[in-house]
Every structure is written in structure tokens, then in C-alpha cells.
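Comments concern the structure below.
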Protein chains: 2
Amino acid sequence: MITREADYGIRVLLLLARRERAGQGGESSVAIAEEMDIPYRFLRKLVKRMVAGRLLTSRRGKGGGLELARPAGRITLYDILEIMGPAGTRLSQCVATPGACRRAGTCRVHRVIGTIQTSVDRQLRAANLESLVD
Amino acid sequence: MITREADYGIRVLLLLARRERAGQGGESSVAIAEEMDIPYRFLRKLVKRMVAGRLLTSRRGKGGGLELARPAGRITLYDILEIMGPAGTRLSQCVATPGACRRAGTCRVHRVIGTIQTSVDRQLRAANLESLVD
DNA sequence: TCAAATGCTACCAATTGCGTATCAAATAAC
DNA sequence: GTTATTTGATACGCAATTGGTAGCATTTGA
Ligand code: FES
Ligand code: FES
């Protein structure tokens, strides 16, 4: 399951992408929290993760705030979920962690799940913020 | 993530499907636990779920044990996961529970995730035990 | 009657999810 | 240079889930 933290993360990035395209600059956490009905403290926490994960850049002090770390077209859902909740779209431990399962070589289930996982990942990588903001 | 319980469940069903095809009958929990290295008590718990979910039939008493509730060709990974760990292959709350999110109508992310979920489900429904035992 | 098998309920420890609270450091405006 | 604003870091709390374990009741074939 995509966690609430990841979900908020996606929407925050989407908001910033919209603002960027409208020529408005970055925005502060407090403004975003207000605007999107996200508990301020919680938002602060997940923003920190996104900054650490190079999705956002931040500027401290008066007039500071947050901005996308790169153009919206180069941030995909895959990138975001990888940082905000890697387990969210991982179908199985066997497939997610190579070498986790000694049966992996012969197991038919592994192959099926692996195929499905690949297709999920491909679709997530195809969805970037730019294509999501219109 | 597919839970360990679900994973064991799949493999137990697969074992029974193999035995069925080889003309051998059902098998008892204690024998399966031994054969597959699954803690007996834990196996008992998940077997109960599969019986309740109509994937297995059980017979109590001496000589009893477990059998597939229907032909292997009519039990899919989707069926199993639906009973053993519904959350395991659900990508998001927004998509899994209709009406959970008021933004669902207009949200682009919802559409993308929805499409991916549909494709996952389709592939899981296409994978039945019979095709997995060769 | 007895052994072999499942049915049922309850418990436990560790992890994860969703937040909250406190304090420190940077920076722009006055 | 003081002050208001804004992010950085750490730690805590509570509820749900996961992965097991334990004990007793019930059914059934020999
Ligand atoms: S059980 Fe691990 S790959 Fe199939
Ligand atoms: S946020 Fe719920 S559907 Fe997009």
C-alpha cells in the first residue's frame, strides 16, 4: 500500500509543479500545510525526507521555503515512491530483495510476480509530474 | 507486500495441486509442515483461513487432512491473495476503497494508479495453480 | 476407547504507520 | 544586532499489523 506519507508527498510535489508552471516561485511548509490540510508537523517530517531524497530543495530563514529539485518532467512517481515508501509498490520480498529466497531460481511464482512487478515499475516510471499537472 | 502468511499459503496450495496431479490424495497439516519447513502452529492458522475462504476443504479425525476445494485450474493467485492478504497487492487506499477519497474524481494520480492496479489484477487472475505446477 | 486430525480463542513480541513535541540553526528584514 | 520566520534533527507516543505460540475442544477412523 502507498502510505499516507507518500500520498501527501506526491500531492505536495504536484502543487509545487503547478506553481512552477504558473511562474510562481516556491512555497513555505506552513503555507502548504494550510493550503492542503496536512498537519504541519507531519508535513515537516515528510518534507525532510523529500529534501534528503533530492526531490526538493529547501531554503531556511525568512522568505525561505521549498522548491522542486529538478524540472517536473524529470520527477516520476517511481522516484517519489522509492523515497517515500519503498514497500508501497513492492509486491513481494522474494522479488524485491535478490537473494532473499533460495527458491528464486526455480520458483514459478517468483517468475509471475517478477513479471508483474516489472510492469508496475515501468508504468510508475512513465508517470512524471509534468504529465500529471494539466 | 505479499505477507509471509500468503506466501506460505500459495506454496501449500501448489504442493497439494502437484499431489493431486500425481494421483496422490490430500495431506495432513503435520505432514505438510514437516515437508515444507513451516512452523506447525503457524501453518494451522493459515490453513484455517484458507478453509474459511473456500480454497481448501478439510476432514477431521484419523486419516483426515486437506485437499484443494476445486480443480487447480480454477484457483488463481488473485483468489489466494484476496483471502490471505488483501492488502498485499493493493497499491493505494484511494483506489482500493471506492469513496475513500473525495478527490478521486478529478485526481490524476488516482487515474494512473487505478490503471496500474487493473493491470496487476488482470495478471494475477491469469495465473492459476495448474499453470504453475509443471 | 484411543490416537490422529482439525476448530477455536487467546496471547505475545517486534515492526510499521501516523502523528506530536522540543529545541537548534539559518537567514532576511528592520 | 535583534527579531521574526523558516527549515534541521531527534525523540516520543499510540494503534494496527505481522509472525508466531499455546491450550483446549471437537470430530472421526480403527
Ligand atoms: S518462494 Fe521465494 S521465489 Fe518463490
Ligand atoms: S488523492 Fe485520493 S485519489 Fe488522488
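Residue numbers start from 1 in every chain, and the chains themselves are labelled A, B, ... in the order their sequence lines are given, proteins ahead of strands. Both backbone and side-chain heavy atoms feed into the values below; hydrogens, waters and symmetry mates do not.
Judged by distance alone, with hydrogens and angles left aside, the side-chain atoms of A:S92 form a donor-acceptor pair with the main-chain N or O of A:V95 at under 3.5 Å. Of the possible polar contacts, none joining the B:R108 side chain to the B:V112 backbone as a donor-acceptor pair under 3.5 Å is found. Looking at A:E5, its side chain never comes within 3.5 Å of a backbone N or O of A:G85 through a donor-acceptor pair. A:R125 places no side-chain N or O within 3.5 Å of a backbone atom of A:T76 that could act as its donor or acceptor partner. A:Q117 contributes a side-chain N or O that, together with a main-chain N or O of A:T89, makes up a donor-acceptor pair within less than 3.5 Å. Formation of a donor-acceptor pair under 3.5 Å by the B:S28 side chain with backbone atoms of B:A31 is found in this model. Under the 3.5 Å distance criterion, the side-chain polar atoms of A:R49 are left unmatched by any main-chain donor or acceptor of A:G53.
If you check residues 12-44 of chain A against DNA chain C, the residues with a heavy atom closer than 4.0 Å are A:P39, A:R41, A:F42, listed by number.
A nucleotide of DNA chain C counts as in contact with chain B when one of its atoms lies under 4.0 Å from a heavy atom; the first and last such, 5' to 3', are C:dA4 to C:dT9. For DNA chain D, the contact window with chain A, defined by any atom under 4.0 Å from a protein heavy atom, covers D:dT5 to D:dT10 in 5' to 3' order.
The residue among A:E5 and B:G65 whose nearest nucleotide of DNA chain C lies closer to the 5′ end is B:G65. Place B:A87 and B:R59 on DNA chain D by their nearest nucleotides, and B:A87 ends up nearer the 5' end.
Of all the heavy atoms in B:I2 and B:D7, the pair that sits closest is CG2-N, 4.1 Å.
Checking B:R70, B:R54, B:R74 one by one against B:D79, the salt bridge (charged side-chain N to carboxylate O under 4.0 Å, His left out) holds for a single residue, B:R70.
Between B:L56 and B:L68, the closest side-chain pair of non-hydrogen atoms falls below 4.5 Å.
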